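Structure first, commentary second.
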2 protein chains.
Amino acid sequence: MQEHNPMRITTQRQIILEELLKVTSHPTANEVYDMVRKRLPRIGLGTVYRNLELMSETGMILKLEVGGTQKRFDATVTPHYHVRCMECGRVDDIKIPIQDDINELAAEACHYQILGHHIEFTGLCGDCGKSPQQKTSIN
Amino acid sequence: MQEHNPMRITTQRQIILEELLKVTSHPTANEVYDMVRKRLPRIGLGTVYRNLELMSETGMILKLEVGGTQKRFDATVTPHYHVRCMECGRVDDIKIPIQDDINELAAEACHYQILGHHIEFTGLCGDCGKSPQQKTSIN
DNA sequence: TACTAATTGGTAACATATCTCAAGATAAGT
DNA sequence: ACTTATCTTGAGATATGTTACCAATTAGTA
């Protein structure tokens with residue numbers, strides 16, 4: 001009889017993880033698909049979604065549900081914050097100390113059992129900030 | 001000649017705003033659609049999307065792009081943070097002081113022009129926290 | 001090597017959000 | 001109140017992002 005639910009090491013999974021580790025950006029499933037397809041042209045989009053989801057469930061990678069409609073994925077699993085460009089949607093890491101204390105503040109301010117938090121900064125990235133197009137920026 | 005671009009006051013817009021003001025949750029466009037449809041059964045989903053988007057552009061309401069794939073809308077426009085239930089997806093306000101200082105920290109830590117930030121706490125809401133189903137909770 | 005269950009690729013289905021456009025409604029002037 | 005110009009609506013079509021389905025393939029084990 002076989003062991004229950006051991007995640008098999010497939011070429012697809014390996015390459016998806018490898019490609020994700022290569023970049024510091026936070027690609028969407030589609031972007032990962034494009035990256036992986038250069039090495040595995042026949043891979044299916046479903047496979048990419050399936051595995052990104054799986055790997056995020058097991059904690060191998062991080063699924064970011066930040067602003068914007070698409071999910072993004074991150075191979076850096078240690079807690080950290082993000083900044084998102086309002087113009088192009090790009091997401092980068094922000095290395096500032098984790099604000100542990102605010103969890104307690106929050107717990108006192110609501111009826112939730114607080115398990116964690118995430119901070120997302122918004123702004124303009126290096127490229128988009130150069131040409132200062134007047135945009136109504138709320139928050 | 002007519003004034004340029006004055007947002008007209010239509011029944012649909014009024015009711016959408018009224019319904020949004022009634023709730024403290026942060027409904028998705030679809031949820032707003034359901035709420036509004038009770039009073040305006042013939043309203044189209046497109047109209048709801050269109051107007052929520054419009055109203056958020058003019059600053060009348062707030063468009064939250066928090067975790068989860070759907071956009072959510074909030075009639076409270078003063079800056080505040082949110083908590084999201086990992087179980088049911090519900091989103092509530094958290095009334096803790098705005099952490100203004102971290103914007104400067106962030107600005108120093110990256111090459112973005114920082115314009116703002118949002119903190120989203122994750123946890124279990126009153127209802128979901130009661131029946132402690134063992135869930136793998138990352139972050 | 002052969003077996004068994006997990007995994008894949010391709011496609012269809014689904015969910016969410018936006019676009020199109022004729023018909024209807026609003027605001028301003030008469 | 002009537003007219004007109006323009007904005008807005010509703011309904012469906014379309015686009016985008018994600019998941020489900022299933023026969024064929026593959027990894028891990030004996």
Side-chain angles (χ1 to χ4, degrees), chain A residues 1-20 26-58 60-61 63-73 84 88-91, chain B residues 1-20 26-58 60-61 63-73 88-89 91:
Chain A
M1 183 144 280
Q2 254 187 224
E3 186 76 12
H4 185 53
N5 239 8
M7 186 155 98
R8 290 185 179 170
I9 300 169
T10 65
T11 316
Q12 288 84 345
R13 283 212 245 271
Q14 283 184 100
I15 293 189
I16 288 172
L17 186 57
E18 280 174 28
E19 291 301 313
L20 200 53
H26 300 69
T28 62
N30 236 301
E31 286 164 354
V32 174
Y33 178 52
D34 285 338
M35 286 153 55
V36 170
R37 216 160 22 151
K38 287 174 187 159
R39 296 172 58 188
L40 275 181
R42 302 191 48 94
I43 197 172
L45 179 57
T47 305
V48 174
Y49 270 102
R50 209 186 293 127
N51 284 319
L52 287 173
E53 197 62 39
L54 256 168
M55 290 195 262
S56 76
E57 273 168 25
T58 62
M60 294 174 65
I61 65 172
K63 174 168 62 173
L64 306 182
E65 298 189 347
V66 295
T69 353
Q70 296 171 71
K71 293 175 182 171
R72 291 175 174 273
F73 297 87
R84 179 167 56 96
C88 67
R90 170 181 176 149
V91 175
Chain B
M1 183 141 280
Q2 258 188 221
E3 186 74 10
H4 185 51
N5 240 6
M7 187 154 97
R8 288 187 181 169
I9 299 169
T10 66
T11 316
Q12 288 84 344
R13 284 210 245 271
Q14 282 184 99
I15 293 188
I16 288 172
L17 186 56
E18 278 174 29
E19 291 300 314
L20 201 53
H26 300 68
T28 62
N30 236 301
E31 286 164 354
V32 174
Y33 178 50
D34 286 338
M35 285 153 53
V36 171
R37 219 164 15 155
K38 286 173 188 159
R39 296 173 58 188
L40 275 181
R42 303 190 48 95
I43 197 171
L45 179 56
T47 304
V48 175
Y49 271 103
R50 210 186 294 128
N51 284 320
L52 288 172
E53 198 61 41
L54 256 169
M55 290 195 264
S56 76
E57 274 169 23
T58 63
M60 294 174 66
I61 64 172
K63 173 169 64 173
L64 306 182
E65 297 189 349
V66 295
T69 353
Q70 296 171 70
K71 293 174 183 173
R72 290 174 174 274
F73 298 87
C88 66
V91 175

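The structure displayed is predicted, hence computed values, not measured ones. Every chain is numbered from 1, with letters handed out A, B, ... down the list of sequences.
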| query | Taking the nucleotide of DNA chain C with the closest heavy atom to each, which residue, A:Gly44 or B:Ala29, is nearer the 5' end? | reply | A:Gly44
| query | Hey, is the side chain of B:Gln70 poking within less than 4.0 Å of OP1 or OP2 on D:dG17, counting only N and O atoms? | reply | no
| field | Interatomic distance where OH belongs to A:Tyr33 and C1' belongs to D:dT19 [whole Å] | value | 15 Å
| task | Check every strand shown and say whether A:Thr47 touches a base, only sugar-phosphate, or nothing at a heavy-atom separation below 4.0 Å. | result | base
| Please give, in whole Å, the distance from D:dT18 C1' to A:Glu31 CD? | 15 Å
| Can you tell me how far the OG atom of B:Ser56 sits from the NZ atom of B:Lys71, to the nearest 0.5 Å? | 8.0 Å
| said: Using a 4.0 Å heavy-atom cut-off, does A:Ile9 contact any base of the nucleic acid, only the sugar-phosphate backbone, or nothing at all? | reply: sugar-phosphate
| field | Atom-to-atom span, CD of B:Glu53 to P of C:dA17 - whole angstrom | value | 10 Å
| Can a side chain N or O of B:Lys63 be found less than 4.0 Å away from OP1 or OP2 on C:dA17? | no
| field | Length of the CD-P vector between B:Gln12 and D:dT9, whole Å | value | 5 Å
| message | Is the shortest side-chain heavy-atom distance between A:Val36 and A:Glu18 below 4.5 Å? | response | no
| request: Report yes if some heavy atom in the side chain of B:Leu64 is under 4.5 Å from a heavy atom in the side chain of B:Phe73; otherwise report no. | output: no
| task | On DNA chain D, check which nucleotide each of B:Pro41 and B:Arg13 is closest to and give me the residue with the more 5' one. | result | B:Arg13
| Would you say A:Glu31's side chain and A:Thr28's backbone share a donor-acceptor pair under 3.5 angstrom? | yes
| Taking only side-chain nitrogens and oxygens of B:Thr10, does any of them come within less than 4.0 Å of OP1 or OP2 of D:dT9? | yes
| Nucleotide D:dG10, atom C1' - distance to OH of B:Tyr49 in whole Å | 16 Å
| message | Can you tell me if B:Arg50 touches the phosphate of D:dT8, counting only side-chain N or O atoms and a distance under 4.0 Å to OP1 or OP2? | response | no
| For D:dT19, does either OP1 or OP2 sit under 4.0 Å from a side-chain N or O belonging to A:Lys71? | yes
| Just how far, in rounded Å, is P of C:dA15 from CG of B:Asn30? | 10 Å
| query | Does the D:dT9 base have a donor-acceptor partner in the side chain of B:Arg42 within less than 3.5 Å? | reply | no
| task | Using a strict cut-off of less than 4.0 Å between a Lys/Arg side-chain nitrogen and an Asp/Glu carboxylate oxygen, indicate whether A:Lys63 and A:Glu57 qualify as a salt bridge. | result | no
| field | Any N/O donor-acceptor pair, A:Arg8 side-chain to C:dA6 base, under 3.5 Å | value | yes
| Gap between atoms CD and P, on B:Gln14 and D:dT9 respectively (whole Å) | 11 Å
| Roughly, in whole Å, what's the span from CG in A:Asn51 to P in D:dT19? | 13 Å
